[in-house]
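Okay, structure first, notes after.
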Amino acid sequence: MGRAARALLGARHRPLVHRDVSGGWLRPAVFGAMDGLVTNASLIAGVGGGGAPNHTIVLTGLAGLIAGAFSMATGEYISVCSQNELTEAEVAVEQLQHWRNPQGEERELAAAYVKRGVAPELAEAVAQQISVDPKEAVKVHIREELGIDPDDLPSPWTAAGASFASFTVGALLPLLPYLFGAPAALLMALVLAAVALFAGGASVAQLTGRPPLQGGLRQFSLGALATGMTFLVGLLVGAHVS
């Protein structure tokens, strides 16, 4: 039994409500926020490690924010559109198969239920009843064969919007010390990024029923590795160029 299941079993007196896991917003939002944070923290660390002045770092960070946000949103939109179009193509294939060989598709559906542990007679009866409505039969075949619900596809606009907004917020955080003219801006930017990485990882872990400390440390470690390597490259290149 997984940790998330054990955590739910411990909450016996709370009403259990399923969360939206197919709306297409969580993955791009989490990915966008962490990508924006790590990307801009690494950019700032690299340019700052190379000895660039503050106005150059601000310009670099803003350029990275704008370019990254639009790139992430475009990528999510195209990705989800392509996935949905592929699903629609598979639905068309299934519709053609039902038109050509409805009896064979009915037997295939019954066999799928038998594999799931349903008695053969009951599986045949269920498959026969479902096959009365060709549209419903096609949907059931798609769910059984591909694990996709054609009536519950993610929205490309939701994915793009979530990615754009979360990347912008994540990329803006390490820029704040420079935008407000704080002293020791590079150090403050790295500390702020580290805190945000840990908090983001812990929040996602809490949402998915995992230990927050483990999730926070995992996200912090990966982000610190990327930022540290970029800072080292900037330091070496900056010293060589100067």
Side-chain angles (χ1 to χ4, degrees), residues 1-11 14 16-49 57 60-62 64-73 75-76 79-80 154 158-180 182 184-234:
M1 182 181 296
R3 291 171 179 167
R6 289 197 297 268
L8 288 176
L9 285 176
R14 289 184 302 174
L16 300 179
V17 180
H18 286 292
R19 289 163 290 191
D20 178 18
V21 297
S22 59
W25 65 270
L26 180 59
R27 183 193 59 82
V30 173
F31 182 44
M34 294 300 102
D35 191 24
L37 184 58
V38 174
T39 296
N40 244 20
S42 299
L43 277 174
I44 290 171
V47 178
I57 296 176
T60 301
L62 289 176
L65 185 156
I66 296 171
F70 277 100
S71 176
M72 287 288 294
E76 287 293 341
S79 175
V80 175
T158 298
S163 180
F164 184 93
S166 60
F167 186 99
T168 300
V169 172
L172 185 61
L173 286 177
L175 263 179
L176 291 178
Y178 288 95
L179 295 177
F180 286 102
L186 178 57
L187 178 60
M188 290 189 64
L190 295 178
V191 170
L192 186 59
V195 172
L197 281 168
F198 182 87
S203 299
V204 173
Q206 183 71 31
L207 179 65
T208 56
R210 304 289 179 178
L213 180 61
Q214 180 181 340
L217 289 176
R218 179 178 65 179
Q219 191 65 51
F220 168 78
S221 299
L222 294 173
L225 177 62
T227 305
M229 292 298 295
T230 312
F231 177 80
L232 181 61
V233 170

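Remember, it's a predicted structure, so these values are computed and weren't measured experimentally.
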When every non-hydrogen atom of L186 is compared with those of A45, the smallest separation belongs to CD1-CA, 4.1 Å
G201 and Q219 have their tightest heavy-atom pair at CA-CB, 3.8 Å
Got a list of side-chain donor-acceptor pairs under 3.5 Å for residues 222-234, not counting sequence neighbours?
from: T227; atom 1: OG1; to: G223; atom 2: O; distance (Å): 2.9
from: T230; atom 1: OG1; to: A226; atom 2: O; distance (Å): 2.7

Rounding to 0.5 Å, atoms CG (L43) and OG1 (T39) come to a distance of 7.0 Å
Nearest heavy-atom approach of G215 to A205 is CA-CB, 3.9 Å
_T168 side chain vs F164 backbone, donor-acceptor pair below 3.5 Å_ = yes
For residues 189-200, dump all side-chain donor-acceptor pairs below 3.5 Å to protein atoms at least two apart in sequence or in another chain.
none

With sequence neighbours left out, the residues meeting side chain to side chain contact (heavy atoms under 4.5 Å, CB included) with A33 are S166
All heavy atoms of L62 vs all of L175, minimum pair found to be N-CD1, 3.7 Å
Nearest heavy-atom contact between P174 and A41 is CG-N, 3.8 Å
Heavy-atom closest pair (S163 atom, M72 atom, distance to 0.1 Å) is OG-CB, 3.1 Å
Exactly one of L173, L172, V169 clears side-chain contact (heavy atoms from CB on, under 4.5 Å) with L37, and that residue is L173
dist F220:CZ -> L213:CG (nearest 0.5 Å) comes out at 12.0 Å
dist I66:CD1 -> S71:OG (nearest 0.5 Å) comes out at 13.5 Å
* To do: Using a cut-off of 6.0 Å, state whether more than 12 heavy atoms not belonging to Y178 lie near its atom OH.
  => yes
